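Take a look at the structure below.
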Amino acid sequence: MNPFSSGTRLRDMIRAIRACKTAAEERAVVRKECAAIRAAISENDQDYRHRNIAKLMFIHMLGYPTHFGQMECLKLIASPGFPEKRIGYLGLMLLLDERQEVLMLVTNSIKQDLNHTNQYIVGLALCALGNIGSAEMARDLAPEVERLLQFRDPNIRKKAALCSIRIIKKVPDLVENFMNPAASLLKEKHHGVLLTGVQLCTDLCKISSEALEYFRKKCTDSLVKVLKDLVNSPYAPEYDISGITDPFLHIRLLRFLRILGQGDADASDSMNDILAQVATKTESNKNAGNAILYECVATIMSIEDNGGLRVLAINILGRFLSNRDNNIRYVALNMLMRAITVDSQAVQRHRATILECVKDSDASIRKRALELVYLLVNESNAKPLTKELIEYLEVSDPEFKGDLTAKICSIIEKFSPEKIWYIDNMLKVLSEAGNYVKDEVWHALIVVITNASNLHGYSVRSLYRAVQTTGDQETLLRVAVWCIGEYGDMLINSAGMLNIEEPITVTESDAVDVIETTIKRHSSDLTTRAMCLVALLKLSSRFPSCSQRINDIIVHYKGSLVLELQQRAIEFSSIVDRHQNIRSALVERMPVLDEATYSGRRAGSVSAVASTSQAATLNLPNGVAKTAAAPLVDLLDLSSDDVPAPSSSGGDFLQDLLGVDLAPASSQSGINQTQKSGNDVLLDLLSIGTPPAQSSTAIPEILSSNQDNKSPINILEQLSSPSAPSGHVSSPANSPMVDLLDGFAPKPQKPEDNGTAYPSITAFESSSLRVTFNFSKQPGNPQITLIDALFENKTSNSCTNFIFQAAVPKFLQLHLDPASSTTLPASGNGSITQKLRITNSQHGKKSLVMRIRIAYKKDDKDALEEGQISNFPRGL
């Protein structure tokens with residue numbers, strides 16, 4: 001026989017294809033076979049039609065086009081014999097899908113076969129409709145399938161139930177027609193029919209709420225009885241798997257009960273007993289039993305509350321965590337993450353086992369267990385859990401240290417009971433995994449240290465010890481360098497020694513050694529080196545005996561190829577060499593950094609959020625710049641569009657830093673009232689930020705004696721000279737402001753009338769509250785607006801836990817004083833007052849705007865009101 005004729009058997013074609021050594025030979029064989037099949041189709045060869053379709057199905061599975069054989073499948077389906085119909089339906093399901101228009105031609109044939117007297121042909125039609133039936137076919141053939149749900153043969157009923165699932169998914173409008181027949185299937189004794197019937201009812205409930213209520217009222221008790229009989233059934237060889245009778249039916253019944261019990265207390269109560277039986281009687285030695293237990297736990301967690309059952313379910317998950325199978329442990333961790341929101345105490349009992357999973361060799365289990373531990377942490381267990389995680393951090397794999405470090409830092413920050421505990425644990429993390437710590441974390445640590453005035457000495461000594469022990473962690477070195485620069489004198493003098501500390505002797509040279517070693521490390525990056533230079537400048541004033549050595553280190557970087565380091569080295573060296581008179585004032589300790597301001601910034605919002613909450617917070621932000629260009633600027637909060645940080649004395653920022661005797665702006669008649677703010681002076685002094693625009697106007701008198709010497713550093717000599725008159729520091733009203741190191745920056749501005757009275761406004765009003773703002777200006781500073789906020793209750797019930805929060809854009813800085821009370825009396829019985837201070841760095845250019853949020857409790861219910869205020873009076 002010709003190997004490529006239509007009469008060739010399928011196995012002969014398969015042998016020919018397998019004998020091909022290359023893809024090209026295979027394609028040639030397939031092309032010849034397809035040509036022979038097309039020739040047989042054109043000749044209407046009925047004898048070998050079924051054989052051709054069988055070969056086409058194999059060719060289709062190899063990935064070659066077979067669309068030319070689709071009509072042959074329809075002809076085989078129309079044949080009277082079972083063998084031809086079997087091949088035809090198989091080809092129909094394989095070569096076509098529901099999107100093919102040809103499929104509409106076979107609808108009548110399927111309808112006839114669904115009414116056929118041969119049950120096997122009926123089964124073929126049901127399989128085809130259940131696999132590729134379209135919405136149109138489902139609508140046309142639904143009555144036949146519904147009738148077959150009551151067929152005498154269980155195999156037909158089972159196939160009809162599966163076919164019904166596709167029909168209701170394609171045409172949800174037909175759900176009502178299948179509700180009664182589906183309910184009758186739940187009374188079946190045949191497990192196959194019962195299994196498909198339960199699945200059909202489950203899908204009906206998912207699609208229709210009416211069906212859910214129908215089955216919840218009519219079938220809950222019968223399903224509980226079926227599951228109870230299944231749990232207590234004797235050994236049945238045809239259904240037994242690992243000693244459990246039909247675990248597949250167990251799982252289907254549990255999933256259906258989960259849907260019925262969710263949100264319905266009566267249905268949940270009726271299934272509590274059987275769920276407890278399943279949880280206690282199912283063996284967990286085999287995988288089939290574990291699958292049933294898992295579904296039972298999921299059902300218990302989904303139905304209405306039953307404390308005893310939930311504890312039992314969580315205990316089952318605890319046993320899963322001790323299983324050697326990684327898959328079982330993983331699903332247990334997933335389920336515990338859901339359970340912790342329902343019963344945290346029950347999950348806490350398995351904390352030790354969960355911690356062991358954090359140390360597992362499987363990466364996915366480690367990660368999931370770490371997320372669960374993070375959810376388990378609260379105020380009562382934060383200390384022991386943090387200690388356990390830090391101990392594991394020392395031996396954890398490098399690829400896991402990043403996630404573990406992030407979680408530990410978040411726990412320390414969120415649940416820190418006191419600042420000394422926060423500092424100690426953050427230093428441990430920095431020592432063990434400092435290179436994995438994100439920038440905002442060590443920035444926040446610096447903010448905490450600045451706010452803990454009684455711990456400055458303790459912090460700098462602890463950092464010094466940590467650097468001596470572990471000197472290869474970049475972020476640890478940055479924090480240590482910053483603290484030694486700020487509090488180096490406390491390190492030498494052992495100031496602020498606590499009882500828990502061991503005495504330590506550190507000389508001035510030892511402190512400088514730490515900075516020098518850090519700046520010369522080959523792995524130190526630009527940020528670290530820039531911070532080292534700033535620290536050296538500060539130590540040059542605190543340690544006069546090491547001043548020359550410090551200057552030698554700074555001078556070394558005058559020739560650095562990095563412009564930032566070169567510029568700093570030149571400026572700092574000039575300060576150390578030639579301006580000792582102002583150096584001590586220039587390098588005073590940083591002012592205390594505002595934790596609340598940095599908290600808002602760390603959250604990633606463009607607004608700085610201030611809150612009146614009295615509770616201590618440790619949601620700390622990035623207090624240090626992320627780039628090396630201006631770490632000092634960010635620490636001082638001196639960004640280009642922010643207002644200058646106020647000095648400790650409350651006077652002019654430039655006057656505090658440089659010790660220059662400046663008269664108040666209001667008393668200087670011939671002096672420009674809009675002098676550069678303190679942040680600009682500091683930026684110019686350190687050459688941080690963009691250079692100011694050069695002015696072509698007359699040079700102020702302060703430079704007149706230095707015109708022959710072009711070095712701008714000489715300006716500092718004029719400022720530091722005791723004979724320099726105070727008038728030289730300021731400039732005439734029409735002259736540009738002096739840039740201390742780099743030229744002039746003209747900033748003309750119209751004088752402000754600070755005595756203007758502004759009208760009160762109703763800032764916010766709802767059905768419950770009214771907020772009124774009264775405005776005033778701070779004398780001599782038009783940028784600052786003082787607001788007296790008045791909160792009035794419009795209802796007859798008092799409000800407790802009253803909290804007012806506000807957010808402003810970045811060009812504004814907002815300070816909130818504590819409110820007069822946290823209880824807002826009922827209407828007519830009093831009010832709450834609160835003072836706000838807003839500083840507008842873009843005064844005269846941008847108007848005030850504010851978003852507010854008011855939280856309170858009324859009638860034991862939490863309430864939250866939000867709004868935006870944009871009707872501020874003009875000129876503020």
Side-chain angles (χ1 to χ4, degrees), residues 195 199 227 230-231 233 235-237 239-258 274-303 309-344 346-376 385 388-389 392 395-401 403-404 407:
L195 187 67
Q199 185 60 45
L227 183 57
L230 192 61
V231 171
S233 64
Y235 173 74
Y239 300 125
D240 184 79
I241 298 177
S242 301
I244 298 174
T245 303
D246 204 345
F248 299 102
L249 184 55
H250 267 96
I251 291 171
R252 292 294 181 189
L253 288 168
L254 288 169
R255 288 179 180 176
F256 190 27
L257 289 174
R258 184 189 317 166
I274 186 58
L275 291 176
Q277 287 187 41
V278 173
T280 53
K281 289 187 177 182
T282 305
E283 293 291 334
S284 60
N285 298 328
K286 299 293 183 179
N287 207 35
N290 288 327
I292 294 173
L293 287 175
Y294 175 78
E295 291 296 336
C296 182
V297 169
T299 302
I300 291 172
M301 293 297 173
S302 298
I303 64 174
L309 269 184
R310 293 193 189 281
V311 173
L312 177 61
I314 292 171
N315 290 338
I316 292 173
L317 295 176
R319 293 204 310 269
F320 280 2
L321 292 178
S322 303
N323 200 296
R324 291 178 295 178
D325 191 329
N326 287 347
N327 295 323
I328 294 176
R329 279 186 291 169
Y330 186 82
V331 297
L333 290 170
N334 274 340
M335 186 62 69
L336 284 171
M337 291 185 71
R338 291 172 50 192
I340 196 171
T341 59
V342 179
D343 193 342
S344 176
V347 180
Q348 289 281 2
R349 299 191 188 100
H350 305 280
R351 193 173 64 205
T353 310
I354 297 169
L355 273 173
E356 288 301 316
C357 291
V358 175
K359 306 172 185 177
D360 196 86
S361 58
D362 188 277
S364 59
I365 291 178
R366 284 201 309 262
K367 186 173 182 180
R368 189 61 68 188
L370 181 60
E371 293 173 358
L372 181 56
V373 168
Y374 181 73
L375 295 176
L376 285 173
L385 277 178
E388 289 271 358
L389 293 175
Y392 175 59
V395 296
S396 62
D397 298 334
E399 63 271 11
F400 186 55
K401 277 192 174 181
D403 291 337
L404 183 57
K407 291 296 185 185

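The structure displayed is predicted, hence computed values, not measured ones. Only this structure's heavy atoms are used, side chains among them; waters, hydrogens and symmetry mates stay out.
- Side chains of Y330 and F320 form no contact here, defined as non-hydrogen atoms less than 4.5 Å apart.
- Nearest heavy-atom pair, L254 versus I292, reported as atom, atom and distance to 0.1 Å: CD1-O, 3.7 Å.
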Go through the steps to decide whether C296 and L275 satisfy the test side chain to side chain contact (heavy atoms under 4.5 Å, CB included), and finish with yes or no.
CA-CA 7 Å; C296 182; L275 291 176; 4.3 Å; yes
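- Summarising the local packing, OH of Y374 is surrounded by more than 12 heavy atoms from other residues, nucleotides or ligands at distances under 6.0 Å.
- Residues A298 and R338 share a closest heavy-atom pair of O-NH2, 4.5 Å.
- No donor-acceptor pair under 3.5 Å is formed between the side chain of D397 and the backbone N or O of E399.
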Evaluate side chain to side chain contact (heavy atoms under 4.5 Å, CB included) for V297 paired with L312, printing each intermediate quantity in order.
CA-CA 9 Å; V297 169; L312 177 61; over 6 Å; no
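- When every heavy atom of M301 is checked against every heavy atom of A313, the shortest pair comes out as CE-CB, 4.0 Å.
- Applying the side-chain hydrogen bond (donor to acceptor under 3.5 Å, both in side chains) test to every pair with at least one member in residues 313-323, sequence neighbours left out, gives these pairs: N315-H350.
- Between D246 and I241 there is no side-chain heavy-atom pair separated by less than 4.5 Å.
- Here the CD1 atom belonging to I316 is positioned 8.5 Å from the OG atom belonging to S284, to the nearest 0.5 angstrom.
- Scanning both residues, A332 and L317, for their nearest heavy atoms gives CB-O, 3.8 Å.
- From L249, atom CG reaches atom CG of L227 across 8.0 Å, with rounding to the nearest 0.5 Å.
- Between the side chain of T280 and the backbone N or O of Q277, at least one donor-acceptor pair lies under 3.5 Å.
- Here the CD1 atom belonging to I244 is positioned 8.5 Å from the CG atom belonging to N290, to the nearest 0.5 angstrom.
- Each of R258, H250, R252 was evaluated against E295; a single residue qualifies, R258, per the side-chain hydrogen bond (donor to acceptor under 3.5 Å, both in side chains) test.
- Within the 4.5 Å cutoff, side-chain heavy atoms of L389 are placed close to those of L355.
- Taking CG from L293 and CD1 from I251, the interatomic distance works out to 10.0 Å, rounded to the nearest 0.5 Å.
- In this structure, R366 and V358 have side chains that are not in contact, with every pair of non-hydrogen atoms separated by 4.5 Å or more.
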Go through the steps for Y235 and T245 under the test side chain to side chain contact (heavy atoms under 4.5 Å, CB included), then give the verdict.
CA-CA 7 Å; Y235 173 74; T245 303; over 6 Å; no
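- Counting heavy atoms from C-beta on, the side chains of I328 and N287 come closer than 4.5 Å.
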Residue pair R329, D360: steps toward the salt bridge (Lys or Arg N to Asp or Glu O under 4.0 Å) verdict:
CA-CA 10 Å; R329 279 186 291 169; D360 196 86; 2.4 Å; yes
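- Closest non-hydrogen pair, G289 versus T282, comes out as O-CG2, 3.6 Å.
- Within the 4.5 Å cutoff, the side chain of C357 has heavy atoms near those of the L321 side chain.
- Taking the side chain as every heavy atom from C-beta outward, R368 and N334 approach each other to under 4.5 Å.
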Side chain to side chain contact (heavy atoms under 4.5 Å, CB included) assessment of K407 paired with V373
CA-CA 9 Å; K407 291 296 185 185; V373 168; over 6 Å; no
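- Atom CG in L309 sits 11.0 Å away from atom CD1 in I314 (nearest 0.5 Å).
- Around NZ of K367, the count of heavy atoms belonging to other residues, nucleotides or ligands within 6.0 Å does not exceed 12.
- How far CD of Q348 is from CD1 of I340: 6.5 Å, rounded to the nearest 0.5 Å.
- Summarising the geometry of L375 relative to M337, their closest heavy-atom pair is CD1-CE, 3.8 Å, with the distance given to 0.1 Å.
- Residues V231 and K281 meet the side-chain proximity criterion, which asks for heavy atoms closer than 4.5 Å.
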